[in-house]
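Sequence lines set the chain letters: A, B, ... in the order given, protein chains first and strands last, and positions in each chain run from 1. None of the values given here were measured: they were computed from a predicted structure. What's counted below: heavy atoms across the whole structure, side chains too, no hydrogens, waters or symmetry copies.
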2 protein chains.
Amino acid sequence: MHSSAEENYLKAIYKLQEANGEMVATSALAQVLGIHMASVTDMLKKMSNKKLVAYQKSKGFKLTEKGRLAAISIIRKHRLWEVFLVDKLRFRWDEVHEIAEQLEHIHSQELIDKLDAYLDFPKADPHGDPIPDAKGIFAINKSVLLASLAPGSQGKFTGVTDHSSAFLNYLDKIGLSLGDSVKVKEVEEFDKNYTLLLKGKKSVVVSFKVANSLLISE
Amino acid sequence: MHSSAEENYLKAIYKLQEANGEMVATSALAQVLGIHMASVTDMLKKMSNKKLVAYQKSKGFKLTEKGRLAAISIIRKHRLWEVFLVDKLRFRWDEVHEIAEQLEHIHSQELIDKLDAYLDFPKADPHGDPIPDAKGIFAINKSVLLASLAPGSQGKFTGVTDHSSAFLNYLDKIGLSLGDSVKVKEVEEFDKNYTLLLKGKKSVVVSFKVANSLLISE
DNA sequence: AATAAAAATTAGGCAAGCCTAATATTACTG
DNA sequence: CAGTAATATTAGGCTTGCCTAATTTTTATT
């Protein structure tokens, strides 16, 4: 079994690879984990010996298949626990991340399988992030960033890329919830502000920063 | 916040004090934690500095009030998680201990309070062990060991002192469940075997070892 | 290409928690 | 009460996962 530290590395590398392509840099990892580069070098040497990551000198490193499967398993746990916290324990969607960060490190295959069944095999967590099944397969997610849409396009709001409390609370405040239909009414050239039409009625203006953190499907 | 290691010490010391009176010996703790005495000495020095335990040289040590409260909080978490695993996730009562050993170290007061409410404020875990409330108060438990009862006495089976899978499976096998009424029909002088009458009908013969692990109330 | 800046690694250290071996203390027993 | 056994403690070490400081390698800039 892997240590919590290793699991956090695996998860972070997985997410960096997803976001920025194949190879991941020591510095990028150090930044997202909030630790120093020397420590990352250290750890990656160990994880490389365990065949969880593969080096390519002066190109960075990436997960091996073994590492990828381990990472997905952790992500699965994290997201299932988030569903539990919101659906069953009635936490708000902006409160669950830190607790799930702890729960994801509980080691028990049977626990996570039973939790999955208890939650009725959810396909996405409270932030719209897809939950891989027991075999590590994601129900395909073809969402795009709202910021990539042209005026006139519309779709369904199905996820966020910023999981901070501040951002999630802002969405609550402007009345935007997962599943809502969203239409891009106008994009202001000058400041890149987006004017959106929510659920076919309310209109709100959001910054590029916000538009770039919203995932739209369909 | 305390480390998992510290929490395990706190819990173990609490249980030893409960079982054997005031002072706890280094050797006893080393034995139940499965680590060496020198390590225990080490750790207790640190925990003593943190005012979690109080030394009395050559008499052993015991929990301070601060330590006692911390221990009870961990026990509360452990037992609530056990209820969750059995009542909600449908684990068997002999499967939950190891998983709860991990879950008990999750740090979030809000989580445990919401879990408590979700489970409808249970007073005992699946093994009959009392669950302290949020203030650390136990609903009083006046159970006695079945092995201390004279022939003819009867009561309700409300708990166990042995939480091993082997023992719990044995109870399942002989058909003894929490809440059942039990009458001591006979105690054999020679080998200390107990003949019990379960639920007023079935009669079973159990060893002293078993009788000494069953808690009877009422 | 020379130089500066950025990225990565190496070397040496530290705290937590464990270990073994050696020593000291306390308790038990004849 | 001496001698042994049981208990405890000290001393020195190890691994994990982090740190700082120094150095090397790579990349970017002129």
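Atom-to-atom, CD of B:E6 to P of C:dA15 comes out at 16 Å; the value is rounded to the nearest Å. Computed from coordinates, the A:K50 NZ to D:dT16 P distance equals 7 Å when rounded to whole Å. Rounded to whole Å, atom P of C:dA22 lies 16 Å from atom CE of B:M37. Rounded to an integer number of Å, the gap from B:Y9 OH to C:dA16 P is 13 Å. In this entry the distance linking NZ of A:K59 with P of C:dA7 reads 19 Å, nearest Å. Nucleotide C:dG17 holds its P atom 11 Å from the CD atom of B:E7, rounded to whole Å. For B:D42 and D:dA11, the CG to P distance is 11 Å, given to the nearest whole Å. D:dT15 atom C1' lies 17 Å from atom NE2 of A:H2, rounded to whole Å.
Of the listed nucleotides (D:dG17, D:dC18, D:dT7), D:dC18 has the atom at the smallest distance from the side chain of A:I35. Closest contact between the side chain of B:S3 and the listed nucleotides C:dA8, D:dA8, C:dG17 involves C:dG17.
Close to D:dA6, at under 4.0 Å from its OP1 or OP2, lies no side-chain N or O of B:S27. A sub-4.0 Å separation between OP1 or OP2 of C:dC18 and a side-chain N or O of B:H36 is absent. OP1 or OP2 of C:dT10 sits under 4.0 Å from a side-chain N or O of A:K45.
Nucleic acid contact for B:A25: sugar-phosphate only, since backbone atoms but no base atoms lie under 4.0 Å from a heavy atom of the residue. A:T41 comes within 4.0 angstrom of a nucleotide base, judged by non-hydrogen atoms across all strands. Counting non-hydrogen atoms under 4.0 angstrom, B:A5 reaches the backbone sugars and phosphates but no base. Base contact: A:S39 has a heavy atom under 4.0 Å from a base atom. Nucleic acid contact class of B:M43 (heavy atoms, under 4.0 Å, all strands): sugar-phosphate only.
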Would B:E95 and B:R92 satisfy salt bridge (charged side-chain N to carboxylate O under 4.0 Å, His left out), going step by step from the backbone distance to the final call?
CA-CA 5 Å; B:E95 299 176 314; B:R92 293 197 315 271; 3.4 Å; yes
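With hydrogens and angles left out, the side-chain atoms of B:S165 and B:D94 include a donor and acceptor closer than 3.5 Å.
For A:E188, the CD atom counts as densely surrounded, since its 6.0 Å shell holds more than 12 non-hydrogen atoms of other residues, nucleotides or ligands.
A cation-pi arrangement is present between A:K88 and A:Y118, with the terminal nitrogen or guanidinium carbon under 6.0 Å from the aromatic centre and inside a 45° cone about the axis.
By the 30° and 60° cut-offs, the orientation of the rings of B:F157 relative to B:W93 is perpendicular.
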